[in-house]
Visitor: 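Have a look at the structure that comes next, please.
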Amino acid sequence: MESYSSSDTCQRPPANSEVAGTTSRVSPWLSPLAHLLGRRCLLPLFFGQIRITGQKNIPTTGPVILAPTHRARWDALLVPYATADCLKKQDLRFMVTIDECQGLQGWFVRRLGGFPVNSKHPSIRTLRHGVELLQQQKTLVIFPEGNIFRDGQVHQLKPGIARLALSAESGDSGLGVKIIPIGINYSQPYPNWGTDVSIHIGSPIRVTDYMHGCIKQDAKNMTADLAKALQQLSHQETKITNHAFAEITNS
């Protein structure tokens, strides 16, 4: 495998960065309790039908990045709900926006595996922490669109997810990082009681297939393929979501 170029246009973060790293943790009592209440009570009672397809596409071992579309704050609860059986109740680590780590919500987020990122200007310490988690065989959840979009369309993806995956793979040969695209679709753009939700889990994107020497171009190619996969996973429910969105905006 050709190593990455050190030129200005193809440079990756240094593997031995001495910048103080971001940290994340999972509370040994809060996390199991939150997952139990969410899986057995909150989600089944709040939503009408929860339909999940493609669980066989989730690797049971190795470092994984779950890359869901972002349609509502419920997404952060539905991703663990849809993947828990496949990941053998492994605690997920969430890369979330800085705003979501503030106040009381932030207290819970940080104890359930969340760590903050500035989506517009990600810091090297945040990216390094993500790389370290992957090298520890952890599973990350990163919403590649960055923000919540309720129009049923897949919006431009942030390049950080691909750069992080490539950096982890290049820093630890044979790591085997995989990115799993996930399409989350609601029957209403603003989910309320009785809303139906479908979760489609796509085929793994193998990071090693994109390592051709220049991280900038490799990340661009991977991001484009991830966007295509998310569009395909969202296609079936797009018409329903758009119709509901039009009814609300025209009312």
Side-chain angles (χ1 to χ4, degrees), residues 38-39 43-44 46-60 63-87 90 92-97 100 119 139-162 164-165 177-192 194-207 209-210 219-246 248:
R39 186 174 183 83
L43 295 177
F46 182 84
F47 290 102
Q49 180 183 24
I50 302 177
R51 184 161 61 99
I52 305 170
T53 62
Q55 287 179 311
K56 63 181 181 181
N57 291 321
I58 300 177
T60 56
V64 175
I65 299 177
L66 302 178
T69 54
H70 208 2
R71 301 294 169 259
R73 291 191 180 276
W74 288 101
D75 299 343
L77 297 178
L78 286 166
V79 170
Y81 179 88
T83 61
D85 292 338
C86 306
L87 296 173
Q90 177 186 154
L92 305 182
R93 304 300 177 96
F94 287 79
M95 183 179 287
V96 301
T97 63
E100 292 175 293
S119 58
T139 298
L140 295 183
V141 180
I142 303 176
F143 296 99
E145 293 171 290
N147 296 309
I148 293 175
F149 296 98
R150 304 182 188 275
D151 58 2
Q153 303 298 320
V154 175
H155 288 249
Q156 183 175 359
L157 306 188
K158 305 293 184 182
I161 184 172
L164 187 153
V177 179
K178 297 180 180 66
I179 300 176
I180 310 298
I182 301 176
I184 303 177
N185 304 281
Y186 300 90
S187 58
Q188 302 180 64
Y190 293 88
N192 52 39
T195 296
D196 293 332
V197 57
S198 61
I199 304 169
H200 300 298
I201 302 169
S203 300
I205 295 176
R206 302 177 187 277
V207 175
D209 294 342
Y210 294 85
K220 183 178 179 180
N221 294 339
M222 188 189 303
T223 301
D225 285 352
L226 176 59
K228 291 178 182 176
L230 290 174
Q231 288 170 354
Q232 292 174 352
L233 293 170
S234 301
H235 179 71
Q236 292 182 349
E237 281 75 21
T238 295
K239 293 181 179 179
I240 297 175
T241 304
N242 284 343
H243 178 68
F245 183 78
I248 288 180

Visitor: Test Phe47 against Trp74 for ring pair (Phe, Tyr, Trp, His ring centres under 6.0 Å), laying out the working first.
Guide: CA-CA 10 Å; Phe47 290 102; Trp74 288 101; 5.2 Å; yes

Visitor: So which heavy atom on Cys86 is nearest to which on Thr60, and how close?
Guide: O-CG2, 3.5 Å

Visitor: Would you compute the distance between atom CD1 of Ile199 and atom OH of Tyr81 and round it to the nearest 0.5 angstrom?
Guide: 8.0 Å

Visitor: Taking side chain as C-beta onward, heavy atoms only, is Asp151 less than 4.5 Å from Pro189?
Guide: no

Visitor: Would you say that Arg93 contacts Val141 through its side chain, given a criterion of any heavy-atom pair below 4.5 Å between the two side chains?
Guide: no

Visitor: Roughly how far, to the nearest 0.5 Å, is CG of Leu226 from CG of Asn221?
Guide: 12.5 Å

Visitor: Can you name the closest pair of heavy atoms from His70 and Asp75 and give their distance?
Guide: ND1-OD2, 2.8 Å

Visitor: With a 4.5 Å cut-off on side-chain heavy atoms, are Leu78 and Pro68 touching?
Guide: no

Visitor: Is there side-chain contact between Val64 and Ile58, with heavy atoms separated by less than 4.5 Å?
Guide: no

Visitor: Looking at NZ of Lys178 and OG of Ser203, how far apart are the two atoms once the value is rounded to the nearest 0.5 Å?
Guide: 12.5 Å

Visitor: Answer whether the closest heavy-atom distance between the side chains of Pro191 and Arg150 falls below 4.5 Å.
Guide: yes

Visitor: Does some side-chain heavy atom of Leu164 sit less than 4.5 Å from a side-chain heavy atom of Ile65?
Guide: yes

Visitor: Around atom CZ of Arg73, are there more than 12 heavy atoms of other residues, nucleotides or ligands at under 6.0 Å?
Guide: no

Visitor: Considering all heavy atoms of both residues, which atom of Thr223 and which atom of Pro159 are nearest to each other, and what is their separation?
Guide: OG1-CA, 4.2 Å

Visitor: Going by heavy atoms in the side chains, are Ile184 and Val79 under 4.5 Å from each other?
Guide: yes

Visitor: Nearest 0.5 angstrom please: His200 NE2 to Arg51 CZ, how far?
Guide: 4.5 Å

Visitor: Rounded to the nearest 0.5 Å, what separation is found between the CG atom of Asn185 and the CG atom of Asp196?
Guide: 12.0 Å

Visitor: If I compare all heavy atoms of Leu233 with all of Gly183, which pair ends up nearest, and what's the gap?
Guide: CD1-N, 3.8 Å

Visitor: Give a yes or no answer on whether the side chain of Gln55 reaches the backbone of Ala82 with a donor-acceptor pair at less than 3.5 Å.
Guide: yes

Visitor: Looking only at non-hydrogen atoms, find the nearest pair between Leu157 and Glu145 and report the distance.
Guide: CD2-CG, 3.8 Å

Visitor: Using the side-chain contact (heavy atoms from CB on, under 4.5 Å) rule, take Leu87 and Leu92 through it: C-alpha gap first, then chi angles, then the decisive distance, then the call.
Guide: CA-CA 9 Å; Leu87 296 173; Leu92 305 182; 3.6 Å; yes

Visitor: Decide yes or no for Ile205 and Tyr210: does some side-chain heavy atom of the first lie under 4.5 Å from some side-chain heavy atom of the second?
Guide: yes

Visitor: Between OG1 of Thr69 and CG of Leu230, what distance do you get to the nearest 0.5 Å?
Guide: 6.5 Å

Visitor: For Gln153 versus Arg71, what's the shortest heavy-atom pair and its separation?
Guide: O-NH2, 3.0 Å

Visitor: Judged by modelled atom types alone, do Asn192 and Tyr186 share a side-chain donor-acceptor pair under 3.5 Å?
Guide: no

